[in-house]
Student: 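Let me give you the structure first, and then I'll get to my questions.
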Number of protein chains: 2
Amino acid sequence: MNPNRPSSNRPVYLKLRDQIAAAIIDGDYPEGAMLPSVRALAAEQGANPLTVAKAYQQFQNDGLVEVQRGVGMYVVKGAAERLRAREREVFLRDEWPEIRNRMKRLGLDPADMAIST
Amino acid sequence: MNPNRPSSNRPVYLKLRDQIAAAIIDGDYPEGAMLPSVRALAAEQGANPLTVAKAYQQFQNDGLVEVQRGVGMYVVKGAAERLRAREREVFLRDEWPEIRNRMKRLGLDPADMAIST
DNA sequence: ATGGCTGTATTATGGCACTGATGCACCTCG
DNA sequence: CGAGGTGCATCAGTGCCATAATACAGCCAT
């Protein structure tokens, strides 16, 4: 009923993409490490290999992973920091203003919610 | 490419819905006032009447507007406050946790961004 | 070299959301 | 009563998403 912000009803390939990006930034996939194969991750996540490939696609285009055909995909050196910088920029430019307006309208102040939860 | 938070690539009926909700909360459509007709708003926004009707749909279901068939749709008394309360609850429960995690990962602190921009 | 692992390309299919065009049912006003 | 304004139902078209079944291309350890 509410196809909105919640990540629940989002395309699978985008959820995977976000999940992998988070893992890279957090160092769960360290630089130089090999990402799970499309088939392996597909099996683990109960998805289709091509869907996983689609999730990986963007990281290749951005040069954050190196593809060794027949071997696997490896996290490029400096990928974590570059990815974080890029995501931060996008967040501040595209997402935060809207979120801020929304909160203001709802009578919420980010400053009051720093530690809360 | 990124059907995500940015309101740019979101369904039209959802953008309209948000826009109308904001107008109600802000009092641009006061209680008791008649909302723009589906055709009028459609023409103004360059959208299809049915798309506008779909945007209005949810407000009817939630009892925030009263439909007088053949006449128009009117903002129910107390709609603004009820709407804001409901939106705030949804935001805090569904959206904010994810946003907070995301910001934390990106090295951003809501407290530092109260006035910024 | 061969088996087994990688990523990739191709094509087809089903489902679903979004948008659109048309026509109908209802009400108000002159 | 008729004209013009409402909302609403129905049907159709389009595109994206996800899946599937294969097949191909490259690498590596045995």
Side-chain angles (χ1 to χ4, degrees), chain A residues 1-21 23-24 29 32-76 79, chain B residues 1-21 23-24 29 32-76 79:
Chain A
M1 291 294 194
N2 195 354
N4 213 344
R5 330 289 195 296
S7 58
S8 349
N9 10 351
R10 278 183 83 207
V12 175
Y13 82 98
L14 282 181
K15 285 195 294 185
L16 291 175
R17 177 198 149 280
D18 288 350
Q19 170 181 332
I20 296 159
I24 292 179
Y29 297 149
M34 173 180 158
L35 293 174
S37 76
V38 288
R39 290 176 178 82
L41 188 56
E44 174 189 333
Q45 296 286 335
N48 189 287
L50 281 91
T51 303
V52 176
K54 190 172 185 180
Y56 280 156
Q57 189 64 42
Q58 183 173 345
F59 297 109
Q60 310 179 31
N61 299 340
D62 294 353
L64 293 170
V65 302
E66 188 189 45
V67 180
Q68 294 190 15
R69 196 181 174 99
V71 181
M73 305 179 49
Y74 293 82
V75 180
V76 150
Chain B
M1 296 292 193
N2 194 352
N4 209 347
R5 331 292 197 294
S7 58
S8 353
N9 5 351
R10 275 183 85 204
V12 175
Y13 82 97
L14 281 182
K15 285 194 294 186
L16 291 175
R17 177 197 150 281
D18 288 350
Q19 171 181 332
I20 297 160
I24 292 179
Y29 297 149
M34 174 179 157
L35 293 175
S37 75
V38 287
R39 289 176 180 80
L41 188 56
E44 174 189 333
Q45 297 287 335
N48 190 285
L50 280 90
T51 304
V52 176
K54 190 171 184 178
Y56 280 156
Q57 188 65 44
Q58 184 173 345
F59 297 110
Q60 309 178 31
N61 299 340
D62 294 353
L64 294 170
V65 302
E66 186 189 45
V67 180
Q68 295 189 15
R69 196 183 174 97
V71 182
M73 304 178 49
Y74 293 83
V75 180
V76 150

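Here the structure is a predicted model, which means the values were calculated and not measured. Sequence lines set the chain letters: A, B, ... in the order given, protein chains first and strands last, and positions in each chain run from 1.
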Student: Would you indicate, yes or no, if C:dT19 has its OP1 or OP2 atom less than 4.0 angstrom from a side-chain nitrogen or oxygen of B:K54?
Tutor: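 For C:dT19, OP1/OP2 do not have a side-chain N/O of B:K54 under 4.0 Å.
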Student: Show the distances under 3.5 angstrom between N or O atoms of the protein and N or O atoms of nucleotides 1-3 of chain C.
Tutor:
none

Student: Whole-Å distance between D:dC17 P and B:N9 CG?
Tutor: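 Whole-Å distance recorded here is 11 Å.
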Student: Check whether any side-chain nitrogen or oxygen of A:T51 sits under 4.0 Å from OP1 or OP2 of D:dC17, and answer yes or no.
Tutor: no
Student: Could you tell me the separation between the OH atom of B:Y74 and the P atom of D:dT6, rounded to a whole number of Å?
Tutor: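 B:Y74 atom OH is separated from D:dT6 atom P by 10 Å.
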Student: Roughly how many Å is it from CZ in A:R17 to P in D:dC17, rounded to a whole number?
Tutor: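 A:R17 atom CZ is separated from D:dC17 atom P by 13 Å.
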Student: For the pair made of CD in B:E66 and C1' in D:dT6, what is the distance, rounded to whole Å?
Tutor: 14 Å
Student: Are OP1 or OP2 of C:dT19 and a side-chain N or O of B:Y13 less than 4.0 angstrom apart?
Tutor: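 The answer is no; no side-chain N or O of B:Y13 sits under 4.0 Å from OP1 or OP2.
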Student: How does protein contact run along nucleotides 4-15 of chain C, one letter per nucleotide 5' to 3', with B for base contact, S for sugar-phosphate only, - for none, heavy atoms under 4.0 Å?
Tutor: -BBBB-B-----
Student: So B:Q45 and B:K15, side-chain contact (heavy atoms from CB on, under 4.5 Å) or not? Walk me through it.
Tutor: CA-CA 11 Å; B:Q45 297 287 335; B:K15 285 194 294 186; over 6 Å; no
Student: Identify each donor-acceptor pair in which a side-chain atom of residues 48-56 of chain A lies under 3.5 Å from a protein atom, sequence neighbours left out, and give them as a table.
Tutor:
from: A:N48; atom 1: OD1; to: A:L50; atom 2: N; distance (Å): 2.9
from: A:Y56; atom 1: OH; to: A:P36; atom 2: O; distance (Å): 2.8

Student: To the nearest Å, give me how far apart CG (A:L41) and C1' (D:dT19) are.
Tutor: 16 Å
Student: Any salt bridge (charged side-chain N to carboxylate O under 4.0 Å, His left out) involving residues 56-75 of chain A? Give me the pairs, sequence neighbours left out, ordered by first then second residue.
Tutor: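 Matches after skipping sequence neighbours: A:D62-A:R86.
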Student: Just to verify, what does B:A33 make a side chain to side chain contact (heavy atoms under 4.5 Å, CB included) with, not counting sequence neighbours?
Tutor: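 Counting only residues at least two positions away or on another chain, B:A33 forms a side chain to side chain contact (heavy atoms under 4.5 Å, CB included) with B:P30.
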Student: Output the rounded distance in Å from CZ (B:R10) to P (C:dT19).
Tutor: 11 Å
Student: Any idea which heavy atoms bring A:F59 and A:R17 closest together, and the distance?
Tutor: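 Taking A:F59 first and A:R17 second, the nearest heavy atoms are CZ-O, 3.4 Å.
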Student: List for me each residue that meets side chain to side chain donor-acceptor pair (under 3.5 Å) alongside A:Q57, sequence neighbours excluded, and say none if there are none.
Tutor: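 Scan of A:Q57 (side chain to side chain donor-acceptor pair (under 3.5 Å), adjacent residues dropped) gives A:N61.
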Student: So how far is it from B:I24 CD1 to B:L35 CG, rounded to the nearest 0.5 Å?
Tutor: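 That separation rounds to 5.5 Å.
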Student: Grab the two heavy atoms, one from A:A79 and one from A:V75, that are nearest each other, plus how far apart they are.
Tutor: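 Nearest heavy atoms, A:A79 then A:V75: CB-CG1, 3.7 Å.
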Student: Is the phosphate of C:dT19, meaning OP1 or OP2, less than 4.0 Å from a side-chain N or O of B:N48?
Tutor: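 Answer no for this pair, as no side-chain N or O of B:N48 is under 4.0 Å from OP1 or OP2.
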Student: Quick one: pull up OH in B:Y29 and CE in B:M73 and give me the separation to the nearest 0.5 Å.
Tutor: 11.5 Å
